[in-house]
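One structure is given here, and the rest of the page talks about it.
Position 1 is the first residue of the sequence; numbering continues from there. Keep in mind it's a predicted model, so treat the numbers as computed, not measured.
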Amino acid sequence: MVLGPLVAACGLAFPQLSGRALGHTGGTLDKMEAVRGWRAELTPRRMVEILRDVGAVIAAPGGALAPADRKLYALRDVTATVEAIPLIASSVLSKKIAEGTSALVLDVKVGSGAFLPSRAHARELARTMVTLGEEHGLRTSALLTAMDTPLGRACGTGIEVAEAVQTLRGEGPADLVEVTVALAREMLALCRVSGPDPAAVLAGGAAYPVWERMVRAQGGDPGAPLPAAAHRDVVVAPAGGVLQRLDARAVGVCASRLGAGRVRKEDRVSPAAGVRYLAKPGERVEEGQPLLELYADDVARFARARAALAAAITIGRASPPGAPLVLERVPAASPRPARDS
């Protein structure tokens, strides 16, 4: 939601065909649908029009685009194959190749919040997808980025949209900004575009007008208030000290149980559910201090959501060791001529 308007503001065309909540992770389309009137379903012709007029579009893949993937995607969550490298790679690349993308940068997550927590497995997935892209004439590279701690300060649906808007206005959390800028720079380099530095564009708020135009082009009202949850619960620090760990997977499961995710593909996602982090690892907290705010439409959801956080928080005396967010780059396997976009 931040990257698309940012790279469009830097001069690229950004077509993003996204999915819905799967496993413990949220779906971009579910989040965007928290915006009043916004539509995920677009014809190919309308997508091209928006790309020409705005520079960025986020949409659901149409039924004619990689139709087998739609059935496989729905089945992965209920057949314990969410983490299968061949299915992840084929799902992502089939749509990108079919839509005619000329260059592709992959953000492959590593850590507890990722589909593949192991760095070795994440690297294998990245290399598999880069190789598949290159074999089909698609300039492809990947960044492995850390996901042991959730990025930003929010996890859910509408509350993530609010944070994306804040970031596009130049006021986003430092970790979210760092990863987004790294991906934007990689995209500009892969497309051989020498434009403004994405960090300066984002900090100056120049990407926000692109967001507004993109939302309006898809029927949404960027000025409308986002949905508010009916109920709020607060998780407090059990002791004083330094917050050493906030587990990304546990937070994702918590948000899903609050209504931001699905157990079955037909489940309804709440546009207001989620988790807001009031403290991040490395920050000092006092006993009883609020650490997390939980949002749900049904108060009965809080008990199971809190249970997901049972071992998610570690407080100690020392600050956790610093660790990079961008772990490594997986470049194209070999130079190939780019296809015309």
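- Looking at L294 and C254, their side chains come closer than 4.5 Å, going by heavy atoms from C-beta outward.
- Across every non-hydrogen atom of D148 and S112, the tightest pair is OD1-N, 2.9 Å.
- In this structure the side chain of D233 never reaches within 4.5 angstrom of the side chain of V299, judged on heavy atoms.
- The NZ atom of K96 sits 15.5 Å away from atom NE2 of H136, with the distance rounded to the nearest 0.5 Å.
- Around atom NE2 of H121, no more than 12 heavy atoms belonging to other residues, nucleotides or ligands sit under 6.0 Å away.
- Considering only heavy atoms from C-beta on, V35 stays 4.5 Å or farther from D221 through its side chain.
- Judged purely by atom type and a 3.5 angstrom limit, E212 has no side-chain atom pairing as donor or acceptor with the backbone of P222.
- Take A189 and apply the side-chain contact (heavy atoms from CB on, under 4.5 Å) test, not counting sequence neighbours, and it matches no residue.
- Summarising the geometry of A59 relative to L42, their closest heavy-atom pair is CB-CD1, 3.9 Å, with the distance given to 0.1 Å.
- Side-chain contact between L291 and L246 is absent, with no heavy-atom pair separated by less than 4.5 Å.
- Here R127 pairs with nothing under the salt bridge (charged side-chain N to carboxylate O under 4.0 Å, His left out) rule; sequence neighbours left out.
- V269 has its side chain within reach of R262: a pair of non-hydrogen atoms, C-beta onward, lies under 4.5 Å apart.
- Residues P61 and E99 are not in side-chain contact: their nearest non-hydrogen atoms beyond the backbone lie 4.5 Å or more apart.
- In this structure, V234 shares a hydrophobic cluster with V236, the cluster being traced through Ile, Leu, Val, Met, Phe, Trp and Tyr side chains under 4.5 angstrom apart.
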Can you give the donor-acceptor pairs under 3.5 Å from side chains of residues 318-330 to other protein atoms, not counting sequence neighbours?
{"unit_1": "E328", "atom_1": "OE1", "unit_2": "R123", "atom_2": "NE", "d": "3.1"}
{"unit_1": "E328", "atom_1": "OE2", "unit_2": "R119", "atom_2": "NE", "d": "3.0"}
{"unit_1": "E328", "atom_1": "OE2", "unit_2": "R119", "atom_2": "NH2", "d": "3.1"}
{"unit_1": "E328", "atom_1": "OE2", "unit_2": "R123", "atom_2": "NE", "d": "3.4"}
{"unit_1": "E328", "atom_1": "OE2", "unit_2": "R123", "atom_2": "NH2", "d": "2.9"}
{"unit_1": "R329", "atom_1": "NE", "unit_2": "E186", "atom_2": "OE1", "d": "3.1"}
{"unit_1": "R329", "atom_1": "NE", "unit_2": "E186", "atom_2": "OE2", "d": "2.7"}
{"unit_1": "R329", "atom_1": "NH2", "unit_2": "E186", "atom_2": "OE2", "d": "3.1"}

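- For the pair T157 (side chain) and P271 (backbone), a donor-acceptor distance under 3.5 Å is present.
- Inter-residue side-chain proximity for V177 and T167 is flagged as met; some heavy-atom pair is nearer than 4.5 Å.
- Contact of the T149 side chain with the R245 side chain is not registered, since no non-hydrogen atoms from C-beta on lie closer than 4.5 Å.
- Here the closest heavy-atom approach between residue V193 and residue C10 is recorded as CG1-O, 4.3 Å.
- Judged purely by atom type and a 3.5 angstrom limit, E160 uses its side chain to pair as donor or acceptor with the backbone of G156.
- Nearest heavy-atom pair across W38 and I58 is CZ2-O, 3.1 Å.
- Separation of atoms CZ (R216) and CD1 (I50) is listed at 13.5 Å; rounding is to 0.5 Å.
- When the salt bridge (charged side-chain N to carboxylate O under 4.0 Å, His left out) test is applied to D107, the partners found at least two apart in sequence or on another chain are K109.
- Checking side-chain atoms of R139 against main-chain N and O of L190 turns up a donor-acceptor pair under 3.5 Å.
- Counting only distance, with no hydrogens or angles, the side chain of R185 and the backbone of P198 share no donor-acceptor pair below 3.5 Å.
- The backbone N or O of A103 lies less than 3.5 Å from no partner atom in the side chain of T101, so there is not a single donor-acceptor pair.
- Judged by distance alone, with hydrogens and angles left aside, the side-chain atoms of S91 form no donor-acceptor pair with the main-chain N or O of A89 at under 3.5 Å.
- Separating the CZ atom in R257 from the CZ atom in F302 is a distance of 14.5 Å, to the nearest 0.5 Å.
- Looking at every heavy atom in both residues, A229 comes nearest to Y295 through CB-CB, 3.6 Å.
- Checked by atom type, the side-chain pair Y208/R169 shows a donor-acceptor distance below 3.5 Å.
- Residues E293 and R232 are paired through a salt bridge, judged by an N-O separation under 4.0 Å between the basic side chain and the carboxylate.
- Separating the CE atom in M214 from the CE atom in M1 is a distance of 9.0 Å, to the nearest 0.5 Å.
- Not one N or O on the side chain of S256 forms a donor-acceptor pair closer than 3.5 Å with the backbone of G252.
- For Q16, the side-chain hydrogen bond (donor to acceptor under 3.5 Å, both in side chains) partners at least two apart in sequence or on another chain are S18.
- Side-chain atoms of R36 never come within 3.5 Å of backbone atoms of G223 as a donor-acceptor pair (strictly under, hydrogens ignored).
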Next on the checklist: Could you go through V201 and L6, starting from their C-alpha distance and side-chain angles, then the distance that decides it, and tell me whether this counts as side-chain contact (heavy atoms from CB on, under 4.5 Å)?
Outcome noted: CA-CA 7 Å; V201 172; L6 173 59; 3.7 Å; yes
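- Across L29 and A60, no two heavy atoms sit closer than the pair CD1-CB, 3.6 Å.
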